[in-house]
Amino acid sequence: MDCGTCETAGPIQVMKPDVVDVALTISDKAQTMLTDAFGEDRSMALLVGVLSGGCSGYMYDLQIVEETDQSCQEITINGFRVLVPNASSHLLDGIEIDYVDRLMGGGFKINNPNAESSCGCGESFN
Amino acid sequence: MPTTSYPQGHLSIWRGNDVLSFIDGLSTNHVLDLQKGEFRQTTFTNAQAKVIDRVGLFHMGGFIAVLSHGPFWERLTQHITPRILNQDVSITNATENNDFFVQYDEHGPETGHFVSEAGTTTARTPQGFNFLVVSKGTATPIDSKIEAFHTWRIENLVPWPEFEITLRHHAFTCGLEEDVHPNKGCYIGQEVLTRMRTRGRMGRVMSKVSNVDVDEASITTAGEVHSLAIIRV
């Protein structure tokens, strides 16, 4: 097998959607839960990303981070820092970050107007 | 050992820390535990669980070599590249550097493994044939016509791209059960396939049939006496 280390093997064309300026909201319940998580420390940020996979093709990826090496947009809402990677900005513009109390499947939830469909667990969308 | 050319073979090189998780999240088989020297097949499906392509993964150590079917490559890239996002995955095309062959009706390396020797990489599939990926310029004797391979496929119920493996069929329908891991995490098409499996409703399935007993329209690989067909059971 020749694994293409020669110059004839160029990278395939990757579809890269345009970066959009993301607008998002955080529900009151989610802000309460973020206050519980962050305490008074506002140096931490909520990273809202998207990964491939899940039943519908994309999965939300929520992390509490201090910094990230990803190219991100930083949005501040009522003192909460939210980071959105530019690479997934086209999928996240207009979302609402909510928090749902449930015995099963509860937690932070993303309401996404860009999603044509989502799977039952709410973690995956298309 | 019967060897025939597979001119539609396509080889791409996938590099990056996220390659296995990326493939695992978008295809039917569990591949996160793939180790250097192992070969595993997995199938990319759409939301309706119809087959986009079945690929073979060679874990080469620093990267994954992906053997796919050339005529399906464009639709596969359209399916996967928008989902790379900011993951560490880069893909290059190495098809032009290699020739592709199928060796059948004989033994090979241990199933699920490959060996590389003198420019030829031989991978053993669970279906009982070998894929050969050969550096251009390396001599490989061809002693079988493609028709003989298709006859062998009919006898051994082995599906093939553009015959059984098409966008018209589910992974189960076209005989790719062994690619569908029973309890891995979510992937596109998983809900449909899991429902089919748990309810025991596979709809149509690939079968070896006698030519006189089957509607010609359902035949996918035609043989002289027997054929492969996708029929309702």
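Letters A, B, ... are given to chains in the order of the sequence lines, protein chains preceding strands, and every chain is numbered from 1.
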Practice prompt. Would you name the heavy atoms of B:Phe22 and A:Ser52 that are closest together and state the gap between them?
Written response: CD1-OG, 3.1 Å
Response to the item:
Within residues 116-140 of chain B, the residues sitting under 4.5 Å from chain A by heavy atom, in sequence order, are B:Gly119, B:Thr120, B:Thr121, B:Val133, B:Ser135
Item to complete: Answer yes or no: are there more than 12 heavy-atom neighbours, outside A:Asp21 itself, under 6.0 Å from its atom CG?
Response: no
Fill in: Heavy-atom pair with the smallest gap, counting every atom of A:Pro85 and B:Asn86
CB-ND2, 3.4 Å
Worksheet item: Contact part of B:Trp73 toward chain A, heavy-atom cut-off under 4.5 Å: side chain, backbone, both or neither?
Response: side chain
Fill in: More than 12 heavy atoms of other groups within 6.0 Å of B:Arg197 CZ
yes
Practice prompt. Flag yes if more than 12 heavy atoms outside A:Asp18 fall under 6.0 Å of its CG atom; otherwise flag no.
Written response: no
Item to complete: Could you please state which residues from residues 52-63 of chain B sit under 4.5 angstrom from chain A, measuring non-hydrogen atom to non-hydrogen atom, sorted by number, or 'none'?
Response: B:Phe58, B:Met60, B:Phe63
Worksheet item: With a 4.5 angstrom heavy-atom cut-off, which part of B:Ala65 approaches chain A: side chain, backbone, both or neither?
Response: side chain
Worksheet item: Should B:Leu85 and A:Leu91 count as side-chain neighbours, where that means a heavy-atom distance under 4.5 Å?
Response: yes
